[in-house]
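Beneath this line is the structure, given in structure tokens, with notes to follow.
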There are 2 protein chains.
Amino acid sequence: MNMTKKILRANDLRPTKQRVLIGDYLFDGIDKHVTAESLFKKLLNEKRGVSLATVYNTLHEFCKKELLNKITIDTDKVYFDTNISSHHHFFSDKEKLLLDIRSQDVIISSMPVAPKGKKIKKVELIIHLED
Amino acid sequence: MNMTKKILRANDLRPTKQRVLIGDYLFDGIDKHVTAESLFKKLLNEKRGVSLATVYNTLHEFCKKELLNKITIDTDKVYFDTNISSHHHFFSDKEKLLLDIRSQDVIISSMPVAPKGKKIKKVELIIHLED
DNA sequence: ATCTCAGTTTAGAATTATTCTAAAGTATTG
DNA sequence: CAATACTTTAGAATAATTCTAAACTGAGAT
Ligand SMILES: [Mn+2]
Ligand SMILES: [Mn+2]
Ligand SMILES: [Zn+2]
Ligand SMILES: [Zn+2]
């Protein structure tokens with residue numbers, strides 16, 4: 001059976017045509033950073049179209065199931081990362097380009113304790129680049 | 001002379017009523033994280049109003065002059081930080097609350113080199129919180 | 001003080017990523 | 001197949017921000 005279908009079933013998501021198409025692209029083993037818009041455009045080329053609403057729905061569902069990581073780095077576009085292992089990013093504000101930093105290249109040797117009543121959910125290091 | 005006026009003149013910004021009003025609030029020595037909307041509402045209480053467009057204009061000008069730091073942490077609101085010394089943040093996604101981390105509480109002991117042709121402009125560490 | 005003009009403010013329109021709505025379509029189960 | 005819960009979708013709505021262009025104002029020159 002198609003790998004994407006297995007992933008979907010394992011996560012209680014019905015393997016619809018649209019989800020399989022999106023999953024086949026996102027879970028092909030190649031790390032990607034996509035936006036709703038970039039993914040939507042990519043899928044327009046495919047035989048079967050997927051509506052923009054479905055692209056948004058699916059990205060959010062995949063995030064909820066932790067099949068993707070959401071990266072909020074830019075105020076007017078959300079990025080979704082297919083690399084769900086812990087790693088950090090370079091971001092070029094001018095080109096709006098997001099690049100992975102290999103996890104061994106960053107060492108955070110001291111971390112603050114969370115404020116009372118809160119837990120640390122995620123640590124996001126963003127290195128903003130310029131020319 | 002009013003302190004804000006001095007700051008404005010030193011940065012080639014005409015000390016207009018609106019800028020002085022905004023500056024008096026932002027540069028009173030108390031560290032603040034504001035959004036355009038929160039600042040706009042705060043100023044409505046004052047004797048003299050400032051338009052929302054001017055709030056945006058002024059925040060951006062102050063950023064350009066490095067009197068403020070822009071923090072892009074949430075996709076639907078930009079935060080401006082009056083604490084322009086190097087420091088990091090906690091962010092509670094649920095309450096959209098931004099908290100300073102004392103700079104001595106984070107030690108980044110290893111940093112990657114910037115991609116060819118790029119320089120590091122800013123290092124932003126965001127610790128996302130949950131309950 | 002008045003003049004002049006570049007710099008500034010402003011209301012309202014435009015933009016744009018995202019979310020919402022509700023109607024039509026589909027996968028799954030019995 | 002039939003029933004139903006889940007899913008997709010077009011298009012409308014939302015909301016932060018930016019843009020436009022007209023009115024206003026601060027500051028230097030006269
Ligand atoms: Mn926007
Ligand atoms: Mn938005
Ligand atoms: Zn990544
Ligand atoms: Zn701060």
Side-chain angles (χ1 to χ4, degrees), chain A residues 1-2 4-23 33-44 46-65 67-68 70-80 93 96 98, chain B residues 1-2 4-23 33-44 46-65 67-68 70-80 93 96 98:
Chain A
M1 196 210 308
N2 172 305
T4 300
K5 285 191 181 171
K6 280 189 191 137
I7 295 172
L8 292 171
R9 283 200 210 286
N11 285 279
D12 293 310
L13 295 170
R14 287 188 186 175
T16 62
K17 289 190 302 280
Q18 294 86 345
R19 284 174 179 161
V20 170
L21 189 61
I22 292 173
H33 299 130
V34 304
T35 63
E37 196 63 28
S38 80
L39 179 55
F40 178 67
K41 278 188 183 138
K42 165 72 68 176
L43 296 173
L44 280 184
E46 304 286 324
K47 41 266 167 195
R48 205 181 295 280
V50 177
S51 75
L52 185 58
T54 297
V55 169
Y56 274 103
N57 290 341
T58 305
L59 287 171
H60 288 142
E61 284 157 359
F62 285 4
C63 264
K64 205 172 292 167
K65 302 297 186 175
L67 299 170
L68 291 178
K70 187 198 252 190
I71 303 176
T72 50
I73 199 172
D74 183 54
T75 33
D76 48 40
K77 260 191 175 75
V78 175
Y79 292 81
F80 295 88
D93 298 79
K96 294 180 181 287
L98 191 59
Chain B
M1 198 210 307
N2 173 304
T4 300
K5 285 191 179 171
K6 280 190 190 136
I7 295 172
L8 293 171
R9 282 201 210 286
N11 286 280
D12 294 310
L13 294 171
R14 286 191 186 174
T16 62
K17 288 190 302 280
Q18 293 86 346
R19 284 174 178 161
V20 170
L21 189 63
I22 293 173
H33 299 130
V34 304
T35 63
E37 196 63 28
S38 79
L39 180 53
F40 178 66
K41 279 189 184 135
K42 165 72 69 174
L43 296 173
L44 279 185
E46 304 285 324
K47 41 267 164 190
R48 207 182 296 278
V50 177
S51 75
L52 185 58
T54 297
V55 168
Y56 275 103
N57 290 343
T58 304
L59 286 171
H60 288 142
E61 284 157 359
F62 285 6
C63 265
K64 204 172 293 168
K65 300 298 185 174
L67 299 171
L68 291 177
K70 189 198 250 189
I71 303 177
T72 50
I73 200 171
D74 183 55
T75 33
D76 50 40
K77 260 190 175 75
V78 176
Y79 292 82
F80 294 88
D93 297 79
K96 294 181 181 282
L98 189 61

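Each chain gets a letter, A, B and so on, in the order the sequences are listed, and its residues count up from 1. Note that these values count all heavy atoms, side chains included, but never hydrogens, waters or copies made by symmetry. Keep in mind that this is a model prediction, so the values were computed, not measured.
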Does C:dT18 have its OP1 or OP2 closer than 4.0 Å to a side-chain nitrogen or oxygen of A:His60? no

Atom CG of A:Asn2 and atom P of C:dA27 are separated, to the nearest Å, by 14 Å

Distance below 4.0 Å between A:Gln18 side-chain N/O and C:dT26 OP1 or OP2: no

Considering only heavy side-chain atoms of B:Pro15, the closest of C:dT10, C:dA17, D:dA27 is D:dA27

B:Leu43 has an atom CG; how far is it from atom C1' of C:dT10, in whole Å? 15 Å

Side-chain N or O of B:Tyr56 closer than 4.0 Å to phosphate OP1/OP2 of D:dT17: yes

What is the distance, rounded to the nearest whole Å, between atom CZ of A:Phe40 and atom P of C:dT18? 13 Å

Counting side-chain heavy atoms from CB outward, which of D:dA27, C:dT9, C:dA17 is closest to B:Ser51? C:dT9

Could you tell me how far apart B:Lys96 (NZ) and D:dA16 (P) are, to the nearest whole angstrom? 10 Å

Expressed as a whole number of angstroms, how long is the span from A:Asp12:CG to D:dC6:C1'? 12 Å

Please report, rounded to the nearest Å, how far the P atom of C:dT28 is from the CG atom of A:Leu13. 11 Å

Do A:Leu68 and A:Leu59 come within less than 4.5 Å of each other through their side chains, counting heavy atoms only? yes

Taking NZ from B:Lys64 and P from D:dT18, how many angstroms apart are they, rounded to a whole number? 11 Å

Please tell me which of B:Lys70 and A:Ala53 maps to the more 5' nucleotide of DNA chain D, matching each residue to the nucleotide holding its nearest heavy atom. A:Ala53

Test side-chain contact (heavy atoms from CB on, under 4.5 Å) on A:Thr35 and A:Phe80 and set out the steps. CA-CA 6 Å; A:Thr35 63; A:Phe80 295 88; 5.9 Å; no

Exam field: side chain A:Asn2 to backbone A:Thr4, donor-acceptor pair closer than 3.5 Å: yes

Minimum-distance nucleotide (side-chain atoms of B:Val78 versus D:dT17, D:dT7, C:dT18): D:dT17

Tell me whether the side-chain N/O atoms of B:Thr16 come closer than 4.0 Å to OP1 or OP2 in C:dT9. yes

Side-chain heavy atoms of A:Ile73 within contact of A:Tyr79, under 4.5 Å: yes

Among C:dT8, C:dA27, C:dT9, find the nucleotide with the atom closest to the side chain of A:Arg14. C:dA27

Regarding the side chain of B:Asp76, the nearest nucleotide among D:dT7, C:dA6, D:dA16 is D:dA16

Quick one: is B:Arg9 getting a side-chain N or O under 4.0 Å of the D:dA27 phosphate, OP1 or OP2? yes

Listed nucleotide nearest any side-chain atom of B:Asn57, set C:dT10, D:dT17, C:dT26: C:dT10

Would you check, one step at a time, whether the test side-chain contact (heavy atoms from CB on, under 4.5 Å) holds for A:Phe62 with A:Ile22? CA-CA 10 Å; A:Phe62 285 4; A:Ile22 292 173; 4.1 Å; yes

To the nearest angstrom, how far is B:Leu52 atom CG from D:dT18 atom P? 11 Å

Nearest to side-chain heavy atoms of A:Thr54, which nucleotide of D:dG11, C:dT10, D:dT8: D:dT8

Under 4.0 Å between a side-chain N/O of B:Arg19 and OP1 or OP2 of C:dT8, yes or no? yes

Tell me whether B:Lys65 contacts the main-chain N or O of B:Asn11 through its side chain, where contact means a donor paired with an acceptor under 3.5 Å. yes

Looking only at D:dT8, C:dT10, C:dT18, the nucleotide nearest the B:Val50 side chain is C:dT10

